[in-house]
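Worksheet for the structure shown next.
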2 protein chains.
Amino acid sequence: MASSAPELSPRGRQLVAAARDLLEEGGPEALSMRTLAARVGIRASSIYKHLAGREDVEAAIVADGLREFAEACEAAVAGAPDPLAALGGAYRAFARAHPHLYRLINDRPLPRALLPDGLEARAAAPLAAALGGDPDRARATWAFAHGMVMLELTDRFPEGADLDAAWRSGLRALGGAATG
Amino acid sequence: MASSAPELSPRGRQLVAAARDLLEEGGPEALSMRTLAARVGIRASSIYKHLAGREDVEAAIVADGLREFAEACEAAVAGAPDPLAALGGAYRAFARAHPHLYRLINDRPLPRALLPDGLEARAAAPLAAALGGDPDRARATWAFAHGMVMLELTDRFPEGADLDAAWRSGLRALGGAATG
DNA sequence: GTCTATACCCGGATAGAC
DNA sequence: GTCTATCCGGGTATAGAC
């Protein structure tokens with residue numbers, strides 16, 4: 001079972017926010033204890049009064065990002081005529097707006113022990129609801145969305161590929177009735 | 001246009017093979033110029049007589065791995081009654097057998113300038129053929145396979161999830177006729 | 001809580017002797 | 001082609017003064 005993340009001091013929250021900014025601006029290489037300290041005007045050694053280390057910093061960013069992602073998905077499906085299409089659009093939009101954050105969250109194992117209880121399930125719920133209770137189809141559709149986003153972010157599609165059309169084609173196929 | 005990779009000396013080939021072993025055994029962190037040199041019994045500085053640097057080493061591993069992947073896909077579809085299912089099985093089997101190699105190849109931009117001409121296209125051809133000329137559906141199916149593999153490798157599916165069933169569900173949906 | 005100073009580890013890469 | 005020696009950079013983390 002996941003355990004709730006510990007409360008952070010104001011300075012701790014400031015550090016996490018600055019760390020996220022550094023990550024989103026310059027990718028993982030841009031986020032080091034030294035650069036993070038410099039961003040908030042202290043020394044690297046002082047960070048350890050507020051956060052246990054780099055893993056703690058990253059886990060806090062993941063928790064914030066995952067919550068925002070869940071909120072975006074919930075907002076997208078609310079009242080949408082085609083929830084699956086709305087969800088796909090929100091998924092892709094989040095990844096394109098926050099590519100480094102998306103990869104920090106989704107491209108490696110989750111730091112589950114450092115995340116708030118229930119957050120992972122909350123993020124997964126809208127897709128499960130849109131697929132109407134077929135968990136295999138929901139997982140397949142999640143994989144499709146994650147794969148589309150990762151291949152786009154890593155520049156793997158050929159020049160001129162119509163990614164909107166690929167999204168439509170995939171969601172149309174996967175959104176149909178599951179037959180086994 | 002991609003340019004052919006330069007020929008390697010026997011020592012160069014030995015270094016690339018050793019580098020791939022280190023990667024597959026211990027992941028990216030296990031592959032450094034120093035560990036690589038130690039593996040073949042020389043000093044790190046001597047590597048630079050055979051390879052331009054780390055990027056060169058990684059590109060050579062990618063080229064070898066991508067060729068092997070293409071061969072595995074070609075073998076899987078040859079004479080298979082259900083080419084798409086065969087391709088899916090070969091795709092997942094390769095990723096599970098070589099997780100670190102899979103990620104080196106597929107989880108970041110390709111070093112196209114250092115790869116042999118035509119290799120990227122060769123690796124993509126079997127899937128395009130299995131999807132019968134619908135490029136959008138082929139891209140969607142590629143994304144599905146990549147997503148399934150990445151989510152499995154990064155331990156993102158819930159405990160007890162039936163991944164075989166998710167693969168079947170996704171491939172069945174995506175393999176149907178494209179309608180738009 | 002922050003500082004200075006420091007320690008330790010790792011990495012990629014180069015110069016020049018042999 | 002290999003070596004030694006070295007440089008530079010990065011990272012995490014700690015001790016002790018203030």
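Letters go in sequence order (proteins before strands), and every chain restarts at 1. Computed from heavy atoms alone, side chains included, the values below leave out hydrogens, waters and symmetry copies.
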Return the polar atom pairs (N/O with N/O) between nucleotides 5-10 of chain C and the protein under 3.5 Å, or none.
none

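- In this model, a donor atom of one side chain and an acceptor atom of the other lie less than 3.5 Å apart for Ser169(A) and Arg137(B).
- Salt bridge annotation for Asp64(B)-Arg13(B): present, with a cationic side-chain nitrogen under 4.0 angstrom from a carboxylate oxygen.
- When the shell of 6.0 Å around CD of Glu25(A) is examined, it contains more than 12 heavy atoms from other residues, nucleotides or ligands.
- Note: CG (Leu8(A)) to C1' (dG1(C)) measures 16 Å, nearest angstrom.
- Under a cut-off of 6.0 angstrom, the local environment of CD in Glu55(A) is sparse, with at most 12 non-hydrogen atoms contributed by other residues, nucleotides or ligands.
- Residue Ser46(B) has a polar side-chain atom (N or O) positioned under 4.0 Å from OP1 or OP2 of dC3(D).
- The nucleotide whose nearest atom lies closest to any side-chain atom of His50(A) is, among dT14(D), dG1(C), dT2(D), dG1(C).
- Here Asp164(A) pairs with Arg92(A) in a salt bridge; the nearest charged N to carboxylate O distance falls below 4.0 Å.
- For Arg54(A), whose side chain is taken as the heavy atoms from C-beta onward, the closest listed nucleotide among dT2(D), dG11(D), dT2(C) is dG11(D).
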Yes or no on side chain to side chain contact (heavy atoms under 4.5 Å, CB included) for Arg11(A) and Ile42(A), after CA distance, side-chain angles and deciding distance?
-> CA-CA 11 Å; Arg11(A) 187 61 117 178; Ile42(A) 63 175; 3.3 Å; yes

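- In this entry the distance linking CD1 of Ile47(A) with P of dT14(D) reads 13 Å, nearest Å.
- Distance Glu55(A) CD to dT12(D) P: 11 Å, rounded to the nearest Å.
- Straight-line distance from the CE atom of Met33(A) to the C1' atom of dT14(D): 13 Å, rounded to whole Å.
- When rounded to the nearest whole Å, the span between CD of Gln14(B) and C1' of dT2(D) equals 14 Å.
- Across all strands shown, Arg43(B) has heavy atoms under 4.0 Å from base atoms, whether or not it also approaches the sugar-phosphate.
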Atom pairs under 3.5 Å, N or O on each side, protein against nucleotides 16-18 of chain D: can you list them with distances?
none

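- Residues in residues 76-97 of chain A take part in these ring-ring contact (aromatic ring centres under 6.0 Å, His included) pairs, two or more places apart or across chains: Phe69(A)-Tyr91(A), Phe69(A)-Phe94(A), Tyr91(A)-Tyr102(A), Phe94(A)-His98(A).
- Among the protein residues, Gly41(A) comes within range of the sugar-phosphate backbone only, with heavy atoms under 4.0 Å from sugar or phosphate atoms but none that close to a base.
- Under the 4.0 Å criterion applied to side-chain N and carboxylate O atoms, Asp117(A) and Arg112(A) are not assigned as salt-bridge partners.
- Taking 4.0 Å as the cut-off between side-chain N and carboxylate O, Arg20(B) and Glu68(B) count as a salt-bridged pair.
- Note: CG (Leu31(A)) to C1' (dT12(D)) measures 13 Å, nearest angstrom.
- When the P atom of dT2(D) is taken as reference, atom CD1 of Ile42(B) falls 5 Å away, rounded to whole Å.
- Rounded to a whole Å, the CG atom of Leu36(A) is 13 Å from the P atom of dA13(D).
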